[in-house]
Number of protein chains: 4
Amino acid sequence: MGRKQSYTESELLDITKRLVLEHGYDGFHLKLLSQHLPGARSTIYQYYANKEEIVAACMKRVITSVIEKASAIDETSPMQALQELLTVYVEESELHQLLGDAHKINVKNSAAASRDLDFVKQAHTTLKVQLTRLFQKAQQEKNIREDIPLPVLVGGFSNLINTPNMINVPTPQWSKLLFQMWMGGAQR
Amino acid sequence: MGRKQSYTESELLDITKRLVLEHGYDGFHLKLLSQHLPGARSTIYQYYANKEEIVAACMKRVITSVIEKASAIDETSPMQALQELLTVYVEESELHQLLGDAHKINVKNSAAASRDLDFVKQAHTTLKVQLTRLFQKAQQEKNIREDIPLPVLVGGFSNLINTPNMINVPTPQWSKLLFQMWMGGAQR
Amino acid sequence: MGRKQSYTESELLDITKRLVLEHGYDGFHLKLLSQHLPGARSTIYQYYANKEEIVAACMKRVITSVIEKASAIDETSPMQALQELLTVYVEESELHQLLGDAHKINVKNSAAASRDLDFVKQAHTTLKVQLTRLFQKAQQEKNIREDIPLPVLVGGFSNLINTPNMINVPTPQWSKLLFQMWMGGAQR
Amino acid sequence: MGRKQSYTESELLDITKRLVLEHGYDGFHLKLLSQHLPGARSTIYQYYANKEEIVAACMKRVITSVIEKASAIDETSPMQALQELLTVYVEESELHQLLGDAHKINVKNSAAASRDLDFVKQAHTTLKVQLTRLFQKAQQEKNIREDIPLPVLVGGFSNLINTPNMINVPTPQWSKLLFQMWMGGAQR
DNA sequence: TATGAATGAGGGTTCATTCAT
DNA sequence: CATGAATGAACCCTCATTCAT
């Protein structure tokens with residue numbers, strides 16, 4: 001009946017996420033991964049067929065969690081929703097960075113990786129659609145200035161999550177600060 | 001005497017910059033570099049002693065150019081200066097991304113790389129000092145709101161350069177749009 | 001668990017010894033080594049981390065064996081002991097040549113190589129101390145002429161091992177012949 | 001009428017000799033050589049067609065000089081002649097070490113190197129013949145003990161030159177000391 | 001002739017992946 | 001299943017030698 005697995009798939013992906021963020025896709029080695037897990041390097045192949053699949057699965061898992069949180073948001077009030085959405089994004093701010101390496105994954109080697117990356121792309125689109133929807137609603141409700149093109153405002157909003165939290169405020173307050181700044185501007 | 005070089009050091013660094021941005025430090029190989037230059041891989045060693053030195057020299061050159069442009073700015077009016085500085089940063093928006101990999105360069109192999117990276121660090125500090133100076137002046141002149149901590153505003157400003165220019169506006173106008181958004185906020 | 005190694009560490013070091021003696025340190029390549037072992041070049045890295053470590057380990061092993069044999073000698077009668085010591089040296093006459101390349105090993109790359117070479121140096125000293133001890137005792141017992149400086153006699157003794165055995169006498173007899181010649185001189 | 005040569009062939013061979021002794025044949029690079037000569041590395045090819053020829057020419061020159069000195073010795077008294085011969089050998093004691101690497105020279109690349117090495121081999125034989133002749137004469141004159149096989153005595157004599165001169169005596173006296181030790185033996 | 005640039009072969013090392021136990 | 005050994009492809013880098021100026 002076989003030996004007990006010494007770690008779960010989920011643990012494997014957790015470590016993968018951390019290491020890919022730390023070292024980038026090309027700096028992420030299976031040797032490195034195995035050093036952060038019990039057991040031998042080759043054991044990893046019991047879980048995934050190759051490096052590509054590991055990272056793809058990791059990306060899929062991360063974006064799935066974001067999608068779940070984002071789709072749970074009540075969109076009745078668009079501005080309120082945007083604030084909540086920003087909090088979700090800030091909480092998972094690595095998402096952006098992580099997915100930035102998606103294009104490096106060589107998909108020819110593995111159907112599974114290919115499928116996972118397709119899912120990621122799909123999910124990405126879903127998020128963009130939600131964002132656009134919220135912005136359009138906000139605009140209809142006259143909450144948003146019109147002298148700046150909408151895509152610029154959307155881009156600015158999305159880009160907020162990359163702002164480094166230099167003052168180490170807890171995430172929810174950090175998200176509020178960012179939203180406040182984005183909304184009201186820097187000028188007195 | 002001797003043969004004519006088949007490409008200049010500057011060309012080499014141009015390509016290096018592009019490739020490091022495209023592939024990251026770990027994805028940047030001398031093989032890749034040589035594929036984008038005429039001649040054999042080993043010819044590269046006529047210019048630099050190793051991979052580390054190439055990338056370090058590249059980073060140095062890029063930040064040097066930014067420093068030059070930034071220090072030419074007239075700081076009399078801080079808000080005006082910030083707008084101009086943003087333009088410089090947007091023009092060289094890869095700087096940030098490029099330098100992000102600086103810590104990956106193994107400096108033990110090469111004194112030259114070490115020197116160049118020290119220079120880069122120094123220059124980085126110089127830029128931060130300029131930015132802080134401008135913000136303080138702006139604050140003194142009551143141009144900047146005070147209910148948001150200054151570091152957040154600074155962070156938000158710096159982070160503007162990462163906003164993707166989705167609408168493909170020419171750089172100067174893009175910079176103006178960003179500045180306008182950052183100053184006035186998104187709210188109507 | 002895992003596969004069976006296709007050769008032992010000891011076999012690897014045996015071949016290394018032979019090849020370093022044959023080709024010198026600079027002429028000793030891992031490709032050469034792998035050609036004298038089953039399997040691929042990269043397999044060697046299962047045993048040692050780099051070329052330096054291989055040769056250092058080899059030297060350590062050889063001198064360890066000499067130290068063991070030399071320290072087992074009964075030193076009651078110094079002349080008898082010297083004869084036995086010579087036999088040990090002649091048996092391991094490659095030692096000298098092998099260690100001659102020790103200074104070429106770049107120790108910066110590898111702590112293990114550094115440690116092994118320190119051990120070798122230490123052992124070398126131990127051997128010299130023993131030799132000096134025996135000569136002093138022999139001198140006290142008036143077995144050694146005094147019109148020639150002791151270091152010259154010691155040097156001459158040590159150098160005996162390099163005498164090529166042209167007549168292909170078995171080692172113990174060869175050692176006896178050399179000792180006899182060194183003691184009695186060539187003159188009738 | 002061309003440019004003035006910046007160094008002579010003889011200087012080139014002098015440096016070569018020193019460097020080959022210092023680094024061994026495989027540790028001897030043309031880059032190293034050119035660093036010890038004025039001018040560019042490629043200039044060396046104005047003197048010799050390749051690395052092999054350089055080293056072969058160097059060996060030839062060294063052994064030629066030994067042959068000259070050795071053949072000038074008056075062989076009337078064999079013991080006297082042996083003492084003088086030893087002095088010559090000690091003076092040129094690097095000869096042995098230098099020629100030890102002769103077999104490493106790949107002769108296929110160069111007819112000139114091949115010719116020079118043949119000459120070296122020939123000269124080597126000439127020296128051995130002289131040595132044998134002197135020993136035979138010494139034996140006939142009853143100067144040499146007969147209980148030890150002649151080749152052993154010859155080998156011992158030849159090997160004297162490798163004795164390290166630890167006490168830093170000037171060469172002629174060193175030679176005398178060695179001869180004395182070899183003749184009379186170590187025993188009181 | 002002297003030079004510095006260009007080159008390709010070859011050696012060191014790492015790493016994803018496969019294989020035998 | 002889990003493991004550790006084996007492998008080959010891919011990189012970095014050096015060096016003898018050739019080539020164009």
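The chains referred to below are lettered A, B, ... by the order of the sequence lines, with proteins before strands, and numbering in each begins at 1. All values derive from a computational prediction rather than experimental measurement.
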- Query: What is the base-pairing partner of dC13(F), counting Watson-Crick and G-U wobble geometry with both distances under 3.5 Å?
  - Reply: dG10(E)
- Message: Less than 3.5 Å apart, any donor N or O on the side chain of E52(B) or S110(B) sitting next to an acceptor on the other?
- Response: no
- Item | hbond_proxy R41(C) side chain to dG8(F) base (donor-acceptor, 3.5 Å cutoff) | no
- Task: Using the closest heavy atom to pick a nucleotide of DNA chain E for each, name whichever of G2(B) or K31(C) lands nearer the 5' end.
- Result: G2(B)
- Task: Measure the shortest side-chain to side-chain distance between R61(A) and D14(A) over non-hydrogen atoms and say whether it is less than 4.5 angstrom.
- Result: yes
- Message: Taking the cut-offs as 6.0 angstrom to the six-membered ring centre and 45 degrees off its axis, would you call K60(C) and F119(C) a cation-pi pair?
- Response: yes
- Query: How long is the line joining CG of L37(D) and C1' of dA2(E), in whole Å?
  - Reply: 14 Å
- Message: Please report the distance, rounded to the nearest Å, between OH in Y45(C) and P in dA10(F).
- Response: 18 Å
- Query: Does one side chain, of E9(B) or Y48(B), offer a donor that lies under 3.5 Å from an acceptor on the other?
  - Reply: yes
- Task: Kindly point out which of dA6(F), dT7(F), dT3(E) is positioned nearest to the side chain of A40(C)?
- Result: dT7(F)
- Message: If the cut-off is 4.0 Å, is Q46(B) near the phosphate of dA5(E), judged by side-chain N/O to OP1 or OP2?
- Response: yes
- Where each residue is assigned the nucleotide of DNA chain F containing its nearest heavy atom, which of F28(B) and K4(B) is assigned the position nearer the 5′ end? F28(B)
- Just wondering, do V55(C) and L98(C) contact through their side chains at under 4.5 Å, heavy atoms? no
- Task: Could you tell me the separation between the CD1 atom of I54(D) and the C1' atom of dT17(F), rounded to a whole number of Å?
- Result: 11 Å
- Query: Does a distance-only test, which skips hydrogens and angles, find a donor-acceptor pair under 3.5 Å between the side chain of Q5(B) and the base of dA5(E)?
  - Reply: no
- Item | Nearest-nucleotide 5' precedence on DNA chain F, P38(C) against H29(D) | P38(C)
- With the side chain defined as heavy atoms from C-beta on, M1(C) is closest, among dA6(E), dC12(F), dT21(E), to dT21(E)
- Query: Does dT21(E) have a Watson-Crick or wobble partner in any strand here, with both distances under 3.5 angstrom, and which is it?
  - Reply: dA2(F)
- Note on the structure: Y48(D) atom OH is separated from dA16(F) atom P, nearest whole Å, by 17 Å
- For atom CG of N109(C) and atom P of dC13(F), their distance in whole Å: 13 Å
- Task: Looking only at side-chain atoms of T43(B), point me to the closest of dA6(E), dC15(E), dT3(E).
- Result: dA6(E)
- Item | Interatomic distance where CG belongs to L30(D) and C1' belongs to dG4(E) [whole Å] | 16 Å
- Note on the structure: By nearest-heavy-atom nucleotide on DNA chain E, the more 5' of I44(B) and S42(C) is I44(B)
- Message: Of the listed nucleotides (dT13(E), dA6(E), dA2(E)), which one gets closest to any side-chain atom of S6(B)?
- Response: dA6(E)
- Find the distance E9(C):CD to dA5(F):P and express it as a whole number of Å. 11 Å
- Task: For the side chain of K51(D), starting at C-beta, report the closest nucleotide among dA20(F), dC12(F), dT17(F).
- Result: dT17(F)
- Query: Is there side-chain contact between H36(D) and R18(D), with heavy atoms separated by less than 4.5 Å?
  - Reply: yes
- Message: Tell me the interatomic distance from N106(C), atom CG, to dC13(F), atom P, rounded to whole angstroms.
- Response: 15 Å
